There are 2 protein chains.
Amino acid sequence: MKNNTKIDNQEVRNKKSFVFDEESCPVTATMQVLGGKWKVILINAIYHTSPARFGELKRSVVGITQSMLTQQLRELEDDGLISRKIYAEIPPRVEYTLTEFGLTLAPIMQSMAKWGEEYRIKKQKVSIY
Amino acid sequence: MKNNTKIDNQEVRNKKSFVFDEESCPVTATMQVLGGKWKVILINAIYHTSPARFGELKRSVVGITQSMLTQQLRELEDDGLISRKIYAEIPPRVEYTLTEFGLTLAPIMQSMAKWGEEYRIKKQKVSIY
DNA sequence: AAAGTAAGTATGAAAAACAATACTAAAATT
DNA sequence: AATTTTAGTATTGTTTTTCATACTTACTTT
């Protein structure tokens, strides 16, 4: 116990004690919104093709299913990141754009895009062709 | 069909046709590595507490289970983002640090941290207390 | 009259992610 | 001798995601 206290003090002295949860870690908080397989990809896609139609996203976002697309778009809308504009036409037309708030994610997407490019280069170097 | 072609041409004229997959979209490529509930949070935690011991991460990363922690750390190691240093001691000691490559993720974490802080402010404004 | 169109909804199933619990080793401490 | 410590593994179960398929509407084109 004495020893334990000694170690604790050492730890306190040498190292801040961090807590990573939604409350105290802003990165964790961001992940609550952007988590999931498709969120970031979709935001990025809308960012680049805005205004993006539903069918357009379905074709361009490789691998996503229609129901996933619908669901994720709804969640992004609920979080205030994208807006959905319905045209009263037949056949229907719906256009998605980033809201002003959604546009504040641009730096995240840009840093990810940059990293992804470098990652691709790194992978090429490792591959054995 | 004639009409269809007309619309297609219009689209080609007015809008680039994007494809969002791992090959052609660097953001999507990044998400292959950082996807999942814990990856970004863990990288961020190690970034801030490096060198981070296993038990330390288990305590500080709120909500993660031991098996999840082990699994995610292994995957991050396999992707070359973190390194694992084992000390031949009893009881065991293992320290995790970001590799040089892992450190290249810093801009992503920083942009996420910044956004998370602003998101918190926005949520406060909306709440009804 | 049948087929095509866009943007969905609904349903059920499969797959992946995640969680809980118990267990281990080898030395130090009580 | 029992307990504590750290960093796990193994097993089983639950929950969440994701997928596949069929269906809808109301108008246009064939």
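All values reported here derive from a predicted model rather than from experimental measurement. The figures here come from the full heavy-atom set of this structure, side chains too, leaving out hydrogens, waters and symmetry mates.
- The distance between atom NZ of A/Lys58 and atom C1' of C/dT5, rounded to the nearest whole Å, is 10 Å.
- Here B/Val19 sits in one hydrophobic cluster together with A/Val62; the rule is ILVMFWY side chains under 4.5 Å apart, joined directly or through other members.
- In this structure, B/Arg53 reaches the D/dA7 phosphate: one of its side-chain N or O atoms is under 4.0 Å from OP1 or OP2.
- If you measure from atom CG of B/Leu69 to atom P of D/dA10, you get 16 Å, rounded to the nearest angstrom.
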So which protein nitrogen or oxygen atoms get under 3.5 Å of nucleotides 19-23 of chain C's nitrogens or oxygens?
residue : atom : partner : partner atom : Å
C/dA20  : N6   : B/Ser67 : OG           : 3.4

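- Set against C/dA6, D/dA7, D/dC27, the side chain of A/Ile90 has D/dC27 as its closest nucleotide.
- For the pair A/Arg59 CZ and C/dT5 P, the computed distance is 11 Å after rounding to whole Å.
- In this structure, CD1 of B/Ile82 is placed 14 Å from P of D/dA7, rounded to the nearest angstrom.
- Between B/Leu73 atom CG and D/dA7 atom P the separation is 11 Å, expressed in whole Å.
- Atom-to-atom distance recorded for A/Leu69:CG and A/Arg59:CZ is 11.5 Å, nearest 0.5 angstrom.
- In this structure, A/Trp38 has no ring-ring contact (aromatic ring centres under 6.0 Å, His included) partners at least two apart in sequence or on a different chain.
- Remark: B/Phe20 pairs with B/Phe18 by the ring-ring contact (aromatic ring centres under 6.0 Å, His included) rule, at least two apart or across chains.
- Between A/Arg84 and C/dG8, a side-chain N or O to OP1/OP2 separation shorter than 4.0 Å is present.
- No donor-acceptor pair closer than 3.5 Å links the side chain of A/Ser50 to the backbone N or O of A/Tyr47.
- A straight line from CD of A/Gln71 to C1' of D/dT18 spans 9 Å, rounded to a whole angstrom.
- Rounded to an integer number of Å, the gap from A/Gln72 CD to D/dT16 C1' is 12 Å.
- Residues passing the side-chain hydrogen bond (donor to acceptor under 3.5 Å, both in side chains) test with B/Ser67, sequence neighbours excluded: none.
- Protein atom CD of B/Gln32 is 15 Å distant from nucleotide atom C1' of C/dA16, rounded to whole Å.
- Proximity of B/Arg74 to the phosphate of D/dT9: a side-chain N or O atom is located under 4.0 Å from OP1 or OP2.
- Note on A/Tyr96: every side-chain N or O is 4.0 Å or more away from OP1 and OP2 of C/dA7.
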Under 3.5 Å, sequence neighbours excluded: what are the donor-acceptor pairs made by side chains of residues 83-96 of chain B?
residue : atom : partner : partner atom : Å
B/Ser83 : OG   : B/Thr97 : OG1          : 3.0
B/Arg84 : NE   : B/Tyr96 : OH           : 3.1
B/Tyr87 : OH   : B/Glu95 : OE1          : 3.0
B/Glu89 : OE1  : B/Arg93 : NE           : 3.3
B/Glu89 : OE2  : B/Arg93 : NH2          : 3.0
B/Arg93 : NH1  : B/Glu95 : OE2          : 3.0

